[in-house]
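In what follows, chains are A, B, ... by sequence order, proteins preceding strands, each numbered from 1.
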Amino acid sequence: MRTKKEKIKQLYKILFKEYGPQGWWPIMKSLEKPAQNYHPQDYSFPHNQKELIEMALGAILTQNTSWHQVEKALWNLKKLTHFSLNKLLQLEEESFKNAIRPAGYFNQKFKKIIFFLTAFQKWKKKIPSRQELLEIWGLGPETADSILLYAYKRPIFVIDAYTQRILRELKLVSPNSSYDEAQELMMTSIAPNTNIYQEFHALLVAHAKRHYSKKPYAQNCELKNHL
DNA sequence: AACCAGGACGTGA
DNA sequence: TCACGTCATGGT
């Protein structure tokens, strides 16, 4: 009988073997067409401030929204501003909202993005703490941790709804586990490592999209048999 | 045609 | 703390 921490390590091995490196966080590589946004086995992103901003805005835009819709919004913003901080902050409110409209909740998300960019500008090159991110209106734990893990490459584990479903199904957390409970389990099971945390989170999403999106969950999920 | 998508906030118990 | 309504668009 493995311990929970051992099962988490095993889970990573199984998922990586099954799905391979995922190449998160997706980044628009050109203005040609957003087909090749992933970059498996390349952990060098973001390369500059514009890519960092693109990742952070993607993290906000994807709140309760499919990535497919977020791509459209990011595409519109890229055409308008190339993710230049000044151009984003100077963009007309109506144009901004129209650009991000495909991602839904555009009134709230506009506000969230402006608040984030204003704080970002104030920080200059400094890396924000988790607490500083959480103090920004519109950034909850998942969005803050996504920005830290992918945009700032800090070794913090991102917990999303998919991850909770899988961990609960495997009974590795309590049935109504909190964000902190799940995060604590992951981070005490896997030694802090940015690249691994990025892959693991992306792998959990990849697996959950297949087996944990429609109820009843985990219909053809083999994980239980291999842990 | 209902259901959901890589959540977070505001409110009232 | 916690459950519930709200925010909005577009896939399947």
Side-chain angles (χ1 to χ4, degrees), chain A residues 11-12 15 19 21-28 34 37-40 45 54-77 93-117 119 130-152 156-169 173-183 186 197-219:
Chain A
L11 176 59
Y12 178 69
L15 291 177
Y19 299 98
Q22 296 298 296
W24 277 32
W25 190 278
I27 281 286
M28 307 260 176
N37 295 339
Y38 297 86
H39 43 88
F45 293 86
E54 178 182 341
M55 284 181 167
L57 299 200
I60 293 171
L61 290 169
T62 198
Q63 291 175 356
N64 200 39
T65 301
S66 61
W67 187 255
H68 180 64
Q69 296 302 112
V70 175
E71 279 185 327
K72 299 178 190 171
L74 287 176
W75 199 247
N76 292 335
L77 284 179
E93 175 169 345
E94 285 314 302
S95 311
F96 206 122
K97 287 183 176 176
N98 278 331
I100 65 174
R101 183 178 293 271
Y105 310 114
F106 56 87
N107 288 305
Q108 288 191 345
K109 284 176 178 175
F110 167 74
K111 208 162 110 186
K112 295 176 182 184
I113 289 172
I114 295 302
F115 283 158
F116 169 78
L117 289 176
R130 186 173 197 259
Q131 189 53 43
E132 286 174 312
L133 286 168
L134 289 174
E135 283 168 4
I136 298 172
W137 185 89
L139 302 201
E142 182 184 340
T143 309
D145 288 341
S146 295
I147 291 173
L148 285 172
L149 177 62
Y150 292 100
Y152 287 102
I156 183 129
F157 209 98
V158 176
I159 304 298
D160 60 358
Y162 285 148
T163 303
Q164 290 279 25
R165 285 176 200 171
I166 293 174
L167 294 180
R168 288 171 188 172
E169 176 68 25
V173 295
S174 55
N176 48 356
S177 52
S178 67
Y179 189 97
D180 291 345
E181 178 187 345
Q183 187 179 50
M186 301 309 277
Y197 282 8
Q198 289 182 351
E199 283 294 358
F200 204 164
H201 172 234
L203 286 165
L204 287 164
V205 173
H207 182 72
K209 278 180 173 171
R210 302 228 178 292
H211 302 289
Y212 291 78
S213 38
K214 48 184 180 294
K215 296 180 183 180
Y217 299 140
Q219 278 310 291

Lys NZ or Arg CZ of Arg101(A) over Phe106(A) ring: under 6.0 Å, within 45°: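 Flagged: Arg101(A) positioned over aromatic ring of Phe106(A).
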
Taking [atom1] from [X] and [atom2] from [N], how many angstroms apart are they, rounded to a whole number?
X	N	atom1	atom2	answer
Trp75(A)	dT9(C)	CH2	P	23 Å
Ile166(A)	dG6(B)	CD1	P	12 Å
Asn107(A)	dT9(C)	CG	P	9 Å
Arg101(A)	dA8(C)	CZ	C1'	9 Å
Arg210(A)	dA5(B)	CZ	P	15 Å
Lys109(A)	dA8(C)	NZ	P	9 Å
Asn176(A)	dC4(C)	CG	P	13 Å
Lys209(A)	dG11(C)	NZ	C1'	12 Å

Under 3.5 Å for both distances, Watson-Crick or G-U wobble, that's the pair rule; now give the dot-bracket for DNA chain C, with | marking pairs to another strand and [ ] for crossing ones. |||||||.||..

Over 60° means perpendicular and under 30° means parallel, so tell me whether Phe115(A) and Trp137(A) are parallel, tilted or perpendicular.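 Correct class here is perpendicular.
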
Parallel, tilted or perpendicular: rings of Trp24(A) and Tyr38(A) (30°, 60°): tilted

Hey, are Gln219(A) and Lys214(A) close enough side-chain-wise for a donor-acceptor pair under 3.5 Å? no

Taking atom types as modelled and ignoring hydrogens, do the side chains of Lys72(A) and Gln69(A) form a donor-acceptor contact shorter than 3.5 angstrom?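 The answer is yes; a qualifying pair exists.
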
Residue that, paired with Trp25(A), satisfies ring pair (Phe, Tyr, Trp, His ring centres under 6.0 Å) out of Phe45(A), Tyr152(A), Tyr150(A):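 Output: one option passes, namely Tyr150(A).
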
Side-chain N or O of Arg165(A) versus OP1/OP2 of dA5(B): is the shortest distance under 4.0 Å?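 True: Arg165(A) side-chain N/O within range (under 4.0 Å) of dA5(B) OP1/OP2.
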
Can you tell me if the side-chain N/O atoms of Lys72(A) get under 4.0 Å from OP1 or OP2 in dG11(C)? yes

[atom1]-based separation of [M] from [N] [nearest Å]:
N	M	atom1	answer
dG10(C)	dA8(B)	P	22 Å
dC4(C)	dC4(B)	P	16 Å
dC2(C)	dG6(B)	P	26 Å

Nucleotide by nucleotide, 5' to 3', does protein get under 4.0 Å of the base (B), only the sugar-phosphate (S), or neither (-) in nucleotides 7-13 of chain B, counting heavy atoms? BSSS---

Please answer whether dG6(B) and Trp24(A) are stacked, defined here as ring centres separated by less than 5.5 Å and planes angled under 30°.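 Trp24(A) ring centre within cut-off of dG6(B) base, planes near parallel; stacks.
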
Ser213(A) near the nucleic acid: base, sugar-phosphate alone, or nothing, with a heavy-atom cut-off under 4.0 Å?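 Ser213(A): backbone/sugar contact only, no base atoms under 4.0 Å.
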
Is any side-chain heavy atom of Gln22(A) closer than 4.5 Å to a side-chain heavy atom of Val205(A)?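 Not in contact.
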
Within the 4.5 Å heavy-atom criterion, are Ile159(A) and Asp180(A) side-chain neighbours or not?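 Ile159(A) vs Asp180(A): side chains apart.
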
Checking ring-ring contact (aromatic ring centres under 6.0 Å, His included) for the pair Tyr197(A)/Phe157(A): CA distance, chi angles, key distance, verdict? CA-CA 6 Å; Tyr197(A) 282 8; Phe157(A) 209 98; 5.2 Å; yes

I want to verify the glycosidic state of dG12(B); is it syn or anti under the 90° rule? anti

With rounding to the nearest 0.5 Å, note down the distance linking CD in Gln164(A) to OG in Ser178(A).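 Rounded to the nearest 0.5 Å, the CD-OG separation comes to 7.5 Å.
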
